[in-house]
Amino acid sequence: MTDKTFTLNTGQRIPALGLGTWQSAPGEVKAAVSYALQSGYKLVDGAYCYANEDEVGAGLKEAFDAGVKREDVFVVTKVWNTYNTRVELGLDKSLKALGLEYVDLFLVHWPILMNPEGNDDKFPKLPDGSRDIIRTHNHVDTWKMMEKLVATGKTKAIGVCNYSKRYLEQLLAEATIVPAVNQIENHPALPQQEIVDLCKEKGIHVMAYSPLGSTGGPLMKAEPVVKIAEKHGVSPSTVLLSYHISRGSTVLPKSVTPERIKQNMVLIDLDTEDQKLLQDYSDQLTKEGKLQRFVYPPFNVDFGFPDKS
Ligand SMILES: NC(=O)C1=CN([C@@H]2O[C@H](COP(=O)(O)OP(=O)(O)OC[C@H]3O[C@@H](n4cnc5c(N)ncnc54)[C@H](OP(=O)(O)O)[C@@H]3O)[C@@H](O)[C@H]2O)C=CC1
Ligand SMILES: O=C[C@H](O)[C@@H](O)[C@@H](O)[C@H](O)C(=O)O
């Protein structure tokens with residue numbers, strides 16, 4: 001199943017499984033990327049903000065030197081919030097760190113602008129310690145700059161992350177290029193069906209982040225996940241990752257541990273009974289107001305997420 005791909009609205013094939021690299025420490029991530037690619041992964045998800053792109057690049061190089069072909073790897077990176085008025089500069093910095101001439105997909109990381117002239121390159125703060133955000137910035141202006149990047153050849157496709165229905169509708173009303181992807185937090189404890197359905201309707205591919213519940217993989221202990229895993233004799237991670245394949249999405253587990261990187265390649269077809277169990281779990285959490293969003297940085301911005309408004 002690791003060879004499974006989906007087709008983007010650009011015509012590119014995107015792998016169903018990719019390696020996440022957020023919080024993959026320097027000293028670990030080079031080996032993780034190299035090992036994953038040489039084990040059969042075909043997509044790596046990075047970002048300028050992860051501050052490890054040089055090591056991700058070293059991992060890519062090691063894999064290329066070992067015979068993996070650049071054209072067989074789908075490389076994703078993201079423009080960070082302090083570069084949302086300077087997206088080409090953001091892309092150039094990522095390409096330099098990665099040691100690449102192009103990426104396959106370049107994403108807007110969050111639909112906000114953090115002060116490009118603030119007191120830090122990535123996380124500028126105001127004197128009161130809160131994040132230095134330019135609240136007058138229109139996220140659609142960032143998208144208009146992203147659209148210009150396609151002609152440069154430095155990225156094959158452009159897309160967004162963390163877009164709610166409201167934000168996506170604002171973007172689509174003015175876009176010339178429909179985003180190829182919306183990368184969002186997605187798992188049975190945060191199904192985000194409204195946005196997944198809108199993406200499907202508009203031909204925007206969903207990439208699911210934090211599929212195990214982010215740091216420490218807490219969702220691997222969720223009761224229905226364990227039950228389905230026992231039924232099939234697989235790890236709970238297999239259930240959580242396979243959930244997205246059955247929904248038509250790409251999934252991005254992060255690990256720096258070789259056995260887990262390998263284990264996360266095991267994907268199965270969930271049957272209708274499994275899918276119903278996971279759907280019932282999502283419905284129950286929704287009804288009880290107990291949906292879990294694991295990644296919600298302190299931007300103090302209303303992103304239009306239904307579970308947070
Ligand atoms: N666009 C965005 O805003 C965001 C994008 N992302 C992307 O999605 C990726 C994945 O999300 P992330 O939040 O990192 O979290 P994940 O849900 O992928 O969980 C990662 C955690 O689970 C552990 N883990 C991985 N595999 C297994 C396994 N088989 N068994 C037990 N534990 C396991 C990892 O440990 P260890 O590494 O120690 O093995 C790590 O602690 C990110 O790395 C990033 O690329 C994530 C968040 C936001
Ligand atoms: O991609 C992962 C997440 O979005 C991450 O980049 C942010 O949560 C960032 O650490 C922040 O604090 O704003």
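Residues take their numbers from the sequence shown, with the count starting at 1. Both ligands and their constituent atoms are indexed starting at 1 by order of listing.
Here Asn162 has side-chain heavy atoms under 4.0 Å from ligand 1, and that is the only part of it that gets that close. Contact annotation for Asn264 and ligand 1: only side-chain heavy atoms (C-beta onward) come within less than 4.0 Å of the ligand. Of the heavy atoms in Met220, only side-chain atoms (C-beta onward) come closer than 4.0 Å to ligand 1. Contacts between Glu185 and ligand 1, counted as non-hydrogen atom pairs separated by less than 4.0 Å, are absent for every part of the residue.
For ligand 2, residues of the protein lying within 4.0 angstrom by heavy-atom distance are Trp22, Cys49, Tyr50, Trp80, His109, Trp110, Phe123, Arg131, Val295, Pro297, Phe299.
The atoms of ligand 1 that sit less than 4.0 Å from any heavy atom of Gly217 are 21 (C), 22 (O). For ligand 1, the atoms closer than 4.0 angstrom to any heavy atom of Cys161 are 1 (N). In the vicinity of Gln263, heavy-atom distances shorter than 4.0 Å reach the ligand 1 atoms 28 (C), 29 (N), 30 (N). Within ligand 1, the atoms closer than 4.0 Å to a non-hydrogen atom of His109 are 1 (N), 2 (C), 3 (O), numbered from 1 in the order shown. Under a 4.0 Å criterion applied to the non-hydrogen atoms of Thr257, ligand 1 contributes the atoms 36 (P), 38 (O), 39 (O). Taking every non-hydrogen atom of Gly213 and a distance limit under 4.0 Å, the qualifying atoms of ligand 1 come out as 17 (O). Residue contact check: Gln183 has heavy atoms under 4.0 Å from atoms 1 (N), 2 (C), 4 (C), 5 (C), 6 (N), 7 (C) of ligand 1. Near Pro253, the atoms of ligand 1 lying under 4.0 angstrom from a non-hydrogen atom of the residue are 18 (O).
Note: an N/O pair closer than 3.5 Å links Asp45 and ligand 1 by distance alone. Where the criterion is an N or O separation shorter than 3.5 Å, residue side chain and backbone included, Val256 meets it with respect to ligand 1. The shortest N or O to N or O distance between Leu212 and ligand 1 is under 3.5 Å. At a 3.5 angstrom cut-off on N or O pairs, Pro211 counts as close to ligand 1. In terms of polar-atom proximity, Gly216 is counted as a contact of ligand 1, with an N or O under 3.5 Å from an N or O of the ligand. Looking at Arg260 next to ligand 1, an N or O pair under 3.5 Å apart turns up. Residue Trp22 has at least one N or O atom closer than 3.5 Å to an N or O atom of ligand 1.
Among Asn115, Asn81, Thr82, the single residue meeting the side-chain hydrogen bond (donor to acceptor under 3.5 Å, both in side chains) criterion with Asp132 is Asn115. Of the options Lys290, Gln192, Gln292, Arg293, a side-chain hydrogen bond (donor to acceptor under 3.5 Å, both in side chains) to Asp307 is made by Arg293 and by none of the others. The only member of Val225, Leu270, Leu219 that meets side-chain contact (heavy atoms from CB on, under 4.5 Å) when paired with Tyr243 is Leu270.
Residues in residues 116-129 take part in no salt bridge (Lys or Arg N to Asp or Glu O under 4.0 Å) pair, two or more places apart or across chains.
In this structure, the protein non-hydrogen atom closest to atom 20 (C) of ligand 1 is Lys254 O, 3.4 Å. The shortest contact between atom 8 (O) of ligand 1 and any protein heavy atom is with Tyr209 CB, 3.2 Å. Closest to atom 11 (O) of ligand 1 among all protein heavy atoms lies Ser210 N, 3.1 Å. Scanning the protein for heavy atoms near atom 15 (O) of ligand 1, the closest one is Ser214 CA, 3.1 Å.
Checked by atom type and distance alone, the side chain of Arg247 pairs as donor or acceptor with a backbone atom of Pro191 at under 3.5 Å. Counting only distance, with no hydrogens or angles, the side chain of Asp274 and the backbone of Ile228 share no donor-acceptor pair below 3.5 Å. Side-chain atoms of His187 come within 3.5 Å of backbone N or O of Ala189 as a donor-acceptor pair. The backbone N or O of Asn138 lies less than 3.5 Å from no partner atom in the side chain of Thr142, so there is not a single donor-acceptor pair. In this structure, Thr238 contributes its side chain and Val266 its backbone to a donor-acceptor pair below 3.5 Å.
Within a 6.0 Å radius of NZ in Lys231, other residues, nucleotides and ligands contribute more than 12 heavy atoms.
The aromatic rings of His205 and Phe6 are tilted relative to each other, their planes meeting at an angle between 30° and 60°.
Comparing Leu107, Leu241, Val295, Leu252 by heavy-atom distance to atom 9 (C) of ligand 1, the nearest is Leu252.
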Quick one: side chains of residues 29-47, donor-acceptor pairs under 3.5 Å with protein atoms, not counting sequence neighbours, listed by atom name and distance.
unit_1 : atom_1 : unit_2 : atom_2 : d
Lys30  : NZ     : Glu62  : OE1    : 3.4
Ser34  : OG     : Gln38  : NE2    : 3.0
Ser34  : OG     : Glu62  : OE2    : 2.8
Ser39  : OG     : Tyr35  : O      : 2.6
Tyr41  : OH     : Ile261 : O      : 2.7
Asp45  : OD1    : Lys78  : NZ     : 3.4
Asp45  : OD1    : Gln183 : NE2    : 2.9
Asp45  : OD2    : Lys78  : NZ     : 2.8

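Within the structure, ligand 1 lacks Phe294 among the residues with a heavy atom less than 4.0 angstrom away. The closest approach between a heavy atom of Met207 and any atom of ligand 1 is not below 4.0 Å.
With ring centers used as reference points, Trp110 lies under 6.0 Å from Phe303. Checked against the 6.0 Å centroid criterion, the rings of His139 and Tyr167 qualify as a close aromatic pair.
By the 4.0 Å N-to-carboxylate-O rule, Asp280 lies close enough to Lys276 to be salt-bridged with it. Under a 4.0 Å N-O distance rule, the pair Lys165/Glu169 qualifies as a salt bridge.
Taking the ring axis of Tyr102 as reference, the NZ or CZ atom of Arg70 stays within 45° of it and closer than 6.0 Å to the ring centre. Annotation: cation-pi geometry not satisfied between Lys154 and Phe106 (NZ/CZ under 6.0 angstrom from ring centroid, within 45° of ring axis).
For Glu147, the salt bridge (charged side-chain N to carboxylate O under 4.0 Å, His left out) partners are Lys144, not counting sequence neighbours.
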